[in-house]
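It should be emphasised that the depicted structure is a prediction, and the values quoted were computed from it without experimental measurement.
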Amino acid sequence: MTDIEISVLDKTYRPEHAADRQHKAIADLQLRVARDQFVCLLGPSGCGKTTLLNMIAGLDSQYQGQIRIGRLASRPKIGYVFQSPRLLPWYDVRRNIELVFPAKPPTELIDALLDAMQLGDVQHEFPERLSLGMQRRVAIIRAFAIDPDLLLMDEPFVSLDAPSARQVRNLLYTLWQQRPHTVLFVSHDLREAIALADRLIFLSPSPMRIVADIVVDIPRPLRNDEVQIETFRGTLYSRHPQIADLL
Ligand code: ADP
Ligand code: MG
């Protein structure tokens, strides 16, 4: 079953007062993502990854084409971890998470997520007191807490040190296994992408197109085997040498 069907014919940014500076971000992008698939999007800075996530999230409708998200009967819940944490500075950590709930927030789930992300002790601190890595973890909790059908993550582990990134990656993976949902995850880190994803999509510089679409067939759940990941990576580079320029 297809969960997301993307057919974008044209996405051009047209700055209002500088028509000569318009920028074609996406020319012709066709992409289908199956339900509960974990997909990593990889491509150079500025190729249009954030643009695409914003369009999928429904935050940007200024384009030609169509993006359909499955389960037509009900509105899918979309969790979005933005490229920057986007916490509200005048609310504490807990309130920043709770405010995505129009009605009663799920107290126990939020407690469990705070605990898992080791943020229980700082839940009443304000964002400015937190490191960027902690702020990122809050943003991840906020996206998870709504129990999304579709999770969009825009380079969520940038600026985490290596051990924290590994820890949060493992947690993300555990949560995804406990409650599968479709994930679109933007990463610059091929090893991380191989460790997490069912599928890797390599994207060209703008206007963005798909350069390679690769199935990761390393068995789950154990994807922490460095040798296996390195072997997969080596084979990938030898079969698709063009991807070296994209990372
Ligand atoms: P990525 O996330 O892959 O780094 P973006 O989606 O942020 O790329 O940007 C894709 C291209 O579109 C870039 O060249 C960027 O400069 C341009 N762009 C992004 N947002 C805007 C905007 N609001 N107005 C004009 N150009 C934009
Ligand atoms: Mg981006």
Side-chain angles (χ1 to χ4, degrees), residues 1-6 31-43 49 52-53 56 69-71 76-81 109 112-113 115-118 133 136-137 139-158 160-203 210-240 243 246-247:
M1 185 200 283
T2 302
D3 197 32
I4 312 176
E5 217 172 299
I6 298 167
L31 175 64
R32 285 166 166 235
V33 176
R35 183 165 161 181
D36 297 344
Q37 201 169 41
F38 196 126
V39 177
C40 266
L41 303 173
L42 299 113
K49 304 177 296 296
L52 181 64
L53 291 194
I56 295 170
I69 302 176
R71 281 171 228 159
K77 283 186 283 179
I78 300 179
Y80 193 171
V81 181
L109 175 62
L113 288 169
D115 226 31
M117 288 285 189
Q118 297 180 341
R136 285 196 171 278
R137 272 140 62 198
I140 292 170
I141 294 177
R142 192 170 55 184
F144 260 108
I146 64 164
D147 191 20
D149 301 304
L150 170 62
L151 184 61
L152 306 173
M153 303 185 91
D154 200 350
E155 306 193 45
F157 305 147
V158 168
L160 295 187
D161 57 77
S164 312
R166 197 174 317 118
Q167 190 197 3
V168 180
R169 196 178 324 149
N170 288 343
L171 179 73
L172 163 68
Y173 190 72
T174 310
L175 292 170
W176 179 69
Q177 289 210 310
Q178 283 168 358
R179 204 291 200 182
H181 48 267
T182 313
V183 182
L184 290 184
F185 182 104
V186 172
S187 175
H188 267 122
D189 181 339
L190 183 53
R191 290 183 183 87
E192 168 179 279
I194 295 169
L196 286 170
D198 296 315
R199 184 174 168 201
L200 310 176
I201 296 187
F202 291 89
L203 302 160
I210 296 174
V211 175
D213 186 345
I214 312 279
V215 171
V216 185
D217 52 6
I218 303 174
R220 295 189 185 280
L222 283 174
R223 287 268 187 86
N224 283 329
D225 184 326
E226 302 276 327
V227 177
Q228 226 173 11
I229 289 176
E230 283 312 311
T231 309
F232 191 92
R233 192 165 153 268
T235 313
L236 196 57
Y237 275 125
S238 62
R239 287 198 191 145
H240 303 273
I243 66 169
L246 303 175
L247 296 172

Under the side chain to side chain contact (heavy atoms under 4.5 Å, CB included) test, residues paired with L247 that sit two or more places apart: L42, L190, F202, Y237

Non-hydrogen atoms of K49 and H188 that approach each other most closely: NZ-NE2, 4.3 Å

Sidechain-backbone polar pair: D213 side chain, I201 backbone, donor-acceptor under 3.5 Å: no

Closest heavy-atom pair and its distance - I229, A195: CD1-CB, 3.8 Å

Considering all heavy atoms, the nearest L203-V211 contact: C-CG2, 4.0 Å

Residues that H240 engages under side chain to side chain contact (heavy atoms under 4.5 Å, CB included), provided they are two or more places apart: A212, I214, L236, Q242, I243

Pairing residues for A143 by the side chain to side chain contact (heavy atoms under 4.5 Å, CB included) criterion, not counting sequence neighbours: V81, L151

Worked check of side-chain contact (heavy atoms from CB on, under 4.5 Å) between L41 and L53: CA-CA 10 Å; L41 303 173; L53 291 194; 4.2 Å; yes

Contacts of type side chain to side chain contact (heavy atoms under 4.5 Å, CB included), residue E226, not counting sequence neighbours: none

Main-chain N/O of I146 paired to K77 side chain as donor or acceptor, under 3.5 Å: yes

I69 and P76, any side-chain heavy atoms less than 4.5 Å apart: yes

Residues in ring-ring contact (aromatic ring centres under 6.0 Å, His included) contact with F157, at least two apart in sequence or another chain: F185

Residues which pass ring-ring contact (aromatic ring centres under 6.0 Å, His included) with F232, listed by chain and number, not counting sequence neighbours: none

